[in-house]
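For reference, the structure is listed below as structure tokens.
Protein chains get the first letters and strands the later ones, always in sequence-line order, with residue 1 at the start of each.
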Number of protein chains: 2
Amino acid sequence: MTDVTKYKLNHTMYRVRDGEASVEFYTKVLGMRLLDSYINNDAKFSLYFLGYDDSLNQSQPRMSRQGLIELTHNHGTESDPEFKGYSTGNGDNGGYGHIAITVDNLQAAVARFDSLHVKFMKRPEEGRMKHIAFIYDPDGYRIEILENPEYSTK
Amino acid sequence: MTDVTKYKLNHTMYRVRDGEASVEFYTKVLGMRLLDSYINNDAKFSLYFLGYDDSLNQSQPRMSRQGLIELTHNHGTESDPEFKGYSTGNGDNGGYGHIAITVDNLQAAVARFDSLHVKFMKRPEEGRMKHIAFIYDPDGYRIEILENPEYSTK
């Protein structure tokens with residue numbers, strides 16, 4: 001027997017050109033914690049599992065969590081001048097779109113991203129959707145930034 | 001001020017050819033609940049937010065949750081014979097890989113998927129990784145299936 005009410009969405013996986021650079025971005029810029037990593041030098045790949053230690057997740061083992069990312073780094077791409085980078089899904093009929101992160105305060109998060117020289121695809125004030133920003137990770141994957149109403153003081 | 005310890009990974013977005021077919025798959029086969037949908041007939045797209053009502057998430061509003069998926073359906077693709085389908089990321093240098101869902105019991109989940117005629121990319125007994133299965137969603141996106149040790153009886 002299996003009980004679908006016990007299922008969880010544990011993680012989303014995508015490939016990155018430079019594992020160390022991406023771990024630095026997701027931890028230092030986005031505030032995730034590196035929960036687990038697996039480095040296979042024979043098969044030449046590394047996996048990095050990252051996520052938030054928030055009130056829903058804290059103290060849970062990785063496999064019982066939800067809302068994580070798994071970054072796959074195929075060794076060598078970070079220093080291969082022939083490597084053209086991964087398709088990030090938003091063009092040429094790519095299906096993948098983005099991950100979305102909720103923050104406590106959108107304007108303050110944007111100010112902090114600016115201080116860290118993060119690249120924006122869309123700042124909140126651009127376009128009609130003033131409550132949304134989009135930034136890029138080191139590979140050019142889109143990350144949507146939204147304010148979590150739980151923390152809004154309005 | 002912004003406090004990164006309050007950040008959460010709310011959702012992962014990808015595009016689907018047929019919104020209704022995908023919602024049926026993610027709810028009936030994978031047991032997610034449709035939390036929210038947004039249908040814009042002028043701009044000809046629909047958004048569907050789905051996720052699990054598990055103990056971590058239940059009773060929380062959508063924007064305060066984590067581990068959701070957002071499916072984007074651009075109207076017309078479901079009946080357009082010219083539409084070749086979305087690139088699902090695992091080939092031609094695609095960066096996106098998969099989402100991973102943890103289940104209470106892997107063998108029982110697989111038996112249930114079989115009864116629902118789900119397509120497998122990898123059954124648990126195939127290859128070296130006996131604790132992992134991969135299935136396909138209606139667009140051919142990969143979904144990894146793992147057993148959550150929290151529910152294992154071993």
inquiry  = Hydrogens and angles aside, do A:Tyr52 and B:Thr5 bring a side-chain donor and acceptor to less than 3.5 Å of each other?
reply    = no

task = Heavy-atom distances under 4.5 Å only: say whether B:Glu144 touches chain A with side chain, backbone, both or neither.
result = side chain

message = So for A:Ile145, is it side chain, backbone, both, or neither that comes closer than 4.5 Å to the heavy atoms of chain B?
response = neither

ask   = Looking only at side chains, do B:His131 and B:Glu147 share a donor and an acceptor under 3.5 Å apart?
value = no

message = Applying side chain to side chain donor-acceptor pair (under 3.5 Å) to A:His75 and A:Ser46, what does each step give before you reach the verdict?
response = CA-CA 7 Å; A:His75 297 176; A:Ser46 299; 2.6 Å; yes

note = Looking only at A:Ser87, A:Gly94, A:Gly95, the option with the highest number of non-hydrogen pairs under 4.5 Å against chain B is A:Gly95

request  = Heavy-atom pairs under 4.5 Å with chain B are the metric here; pick the option from A:Tyr14, A:Tyr86, A:Tyr96 that has the most.
outcome  = A:Tyr96

task = Measure distances from B:Met63 to the heavy atoms of chain A and classify the residue's part below 4.5 Å as side chain, backbone, both or neither.
result = both

Heavy-atom proximity to chain A below 4.5 Å, by part of B:Thr102 = both

task = Nearest 0.5 Å please: distance from the CE atom of B:Met121 over to the CD atom of B:Glu126.
result = 9.5 Å

key: Output field: ring centroids B:His98/B:Tyr141 closer than 6.0 Å   = no

key: Atom group of B:Ile143 that falls short of 4.5 Å from chain A, counting heavy atoms   = neither

ask   = What option among B:Gly31, B:Gly97, B:Ala108, B:Ala100 has the most heavy-atom pairs under 4.5 Å with chain A?
value = B:Ala100

task = Measure the spacing between CG of B:Leu34 and CG of B:Leu71 and express it to the nearest 0.5 Å.
result = 9.0 Å

remark   = Counting heavy-atom pairs under 4.5 Å with chain A, the top scorer among B:Leu106, B:Asn90, B:Ile69, B:Asp139 is B:Asn90

query = What's the spacing between B:Arg15 CZ and B:Met13 CE if we round to 0.5 Å?
reply = 4.0 Å

note = The interface call for A:Thr12 against chain B, heavy-atom contacts under 4.5 Å, is both

